[in-house]
Amino acid sequence: MAPRLMSWALQGLLRGASLTFCVGLAGASAAETIVGATFDGPTTRYGHGILGDAIEFTELVIETEDWSHKVRYRVSLPEDHVFEDIAPRLWDITGDGAPEVVVIETDTARGGSLAVYDETGKIGETPHIGRSNRWLAPIGAADFDGDGRIEVAFIDRPHLAKTLRVFEWDGTGLVLDAELGGLTNHQIGQDFISSGVRDCGDSPEMVTADSDWSDIMVTRMDGGVLETRSVAAFSSQRLQAVLNCSL
């Protein structure tokens, strides 16, 4: 089963995960840059099916390279975890100009979390939602409040709580920075996430739908406070136009 593909237009190891060196020309390098990531190890051991089928993933393959090496690392999750996700995202979370890998990692008893990996393993994770069959849907990462540190945004339980949560990288992990209710970016059974980040020349903004899918919402972060506004009636075409700064 091939990994699902994410559409933005519509759109030390922890807890037993193991990291294995897989392929390389001459070993790992301190100058490695992550250039790709994929899911592997399809499984049906978690029957949530929020993305339209029963297939989730047990392994994350991270590809790095420098001027002379290409290396692959494989993360294997413990039996009580799955990657309940569409595809890994290459987002700069630490603010060093190079990407990390951002995924939805679910504990089968405690629900989804947003996890950040690099070639050394898991370097950060938001708290699990708290119970089985509870999920989150990522939006994007940027310095939303202009303080020089990267924040990562997602919708917590887009079908239930419909709450935007923004976590900041504080140098060692992800800490909750702000939250706002009444927003969503996913409908049950869809294999895509309807959100993203845009920057129309002022500052980065989060683009989602409102809670009943009537409007496209653009949310800014100013002084640690989230402020949202409607910019258009919701449709897939208008969502793409908003993300492209055409609306």
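The basis for the numbers below is simple: all heavy atoms, side chains too, and nothing from hydrogens, waters or symmetry mates. Nothing fancy with the numbering, it's 1 onward along the sequence.
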Quiz prompt | Salt-bridge criterion met for K162 and D156 (N-O under 4.0 Å) | solution = no
Self-check item: Closest heavy-atom pair and its distance - I104, P138
Solution: CD1-CD, 3.5 Å
Quiz item: Of I93, L174, D147, which is the lone residue that meets side chain to side chain contact (heavy atoms under 4.5 Å, CB included) with E168?
Solution: D147
Quiz item: Judged by atom type as modelled, is there a donor-acceptor pair below 3.5 Å linking the side chain of Y46 to the main-chain atoms of N133?
Solution: yes
Exercise. First locate atom CG of L90, then atom CD1 of I62, and finally report the distance between them rounded to the nearest 0.5 Å.
Key: 9.0 Å
Practice problem: For the pair R89 (side chain) and V102 (backbone), establish whether a donor and an acceptor sit closer than 3.5 Å, ignoring hydrogens and angles. | Solution: yes
Self-check item: Atom pair CG (D191) and CG (L51), whose distance is rounded to the nearest 0.5 Å
Solution: 7.5 Å
Self-check item: Parallel, tilted or perpendicular: rings of Y117 and F83 (30°, 60°)
Solution: perpendicular
Exercise. State whether the side chain of Q190 and the backbone N or O of Q187 hold a donor-acceptor pair below 3.5 Å, judged by distance alone.
Key: yes
Quiz item: Under 4.0 Å between a Lys/Arg side-chain N and an Asp/Glu carboxylate O for E32 and K70?
Solution: no
Quiz item: Side chains of H48 and E84: donor-acceptor distance under 3.5 Å anywhere?
Solution: yes
Quiz item: In terms of side-chain heavy atoms, does T172 have a donor or acceptor partner in D170 at a distance below 3.5 Å?
Solution: yes
Quiz item: F234 vs W213 aromatic rings, parallel, tilted or perpendicular, using cut-offs 30° and 60°?
Solution: perpendicular
Quiz item: Where do A178 and G224 come nearest, in terms of heavy atoms and distance?
Solution: CB-O, 3.7 Å
Self-check item: Short side-chain to backbone donor-acceptor contact, D143 and G146, under 3.5 Å
Solution: yes
Quiz prompt | Partner residues of F154 under the ring-ring contact (aromatic ring centres under 6.0 Å, His included) criterion, sequence neighbours left out | solution = F167
Exercise. Quick one: do R45 and E56 satisfy salt bridge (charged side-chain N to carboxylate O under 4.0 Å, His left out)? Show the steps, please.
Key: CA-CA 8 Å; R45 69 191 185 197; E56 309 306 341; over 6 Å; no
Self-check item: Residues R74 and E59 bridged, charged N to O under 4.0 Å
Solution: yes
Quiz prompt | D177 side chain to V166 backbone, donor-acceptor under 3.5 Å | solution = no
Practice problem: With the side chain counted from C-beta on, respond yes when V207 and S195 share a heavy-atom pair under 4.5 Å apart, and no when they do not. | Solution: no
Quiz item: Are the side chain of T58 and the backbone of G41 linked by a donor-acceptor contact shorter than 3.5 Å?
Solution: yes
Quiz item: At what distance, to the nearest 0.5 angstrom, does CE of M217 lie from CG of L180?
Solution: 8.5 Å
Exercise. Check A153 against L164 and note the closest heavy-atom contact, atom names and distance.
Key: CB-CD1, 4.0 Å
Self-check item: Residues D118 and T120: side-chain donor-acceptor under 3.5 angstrom
Solution: yes
Quiz item: So, does T126 use its side chain to make a donor-acceptor pair with the main chain of L114 at under 3.5 Å?
Solution: yes
Quiz prompt | Spatial distance of atom CG (D85) from atom CZ (F57) [nearest 0.5 Å] | solution = 9.0 Å
Practice problem: Mind checking the NE2-OG1 spacing from H69 to T33? Nearest 0.5 Å is all I need. | Solution: 13.0 Å
Practice problem: Examine distances only and state if a side-chain atom of T44 and a backbone atom of I55 form a donor-acceptor pair shorter than 3.5 Å. | Solution: no
Exercise. Examine the side chains of D107 and H128 and answer whether a donor and an acceptor come within less than 3.5 Å of each other.
Key: no
Quiz item: How long is the gap from CG on D215 to CG on D210, to the nearest 0.5 Å?
Solution: 4.5 Å
Quiz item: Side-chain donor-acceptor pair under 3.5 Å between E100 and T94, yes or no?
Solution: yes
Quiz item: According to the disulfide bond (SG atoms under 2.5 Å apart) rule, which pairs have a member within residues 178-238, sequence neighbours left out?
Solution: C200-C245
Quiz item: Which heavy-atom pair separates V197 from G140 by the least distance, and what is that distance?
Solution: CG2-CA, 3.6 Å
Quiz item: Do R149 and W169 come close enough that some side-chain heavy atom pair is under 4.5 Å?
Solution: no
Quiz item: What heavy-atom pair brings A137 and H186 nearest, and what distance separates the two atoms?
Solution: CB-CB, 4.3 Å
Exercise. Would you kindly say whether S132 and R110 are connected by a side-chain donor-acceptor distance under 3.5 Å?
Key: no
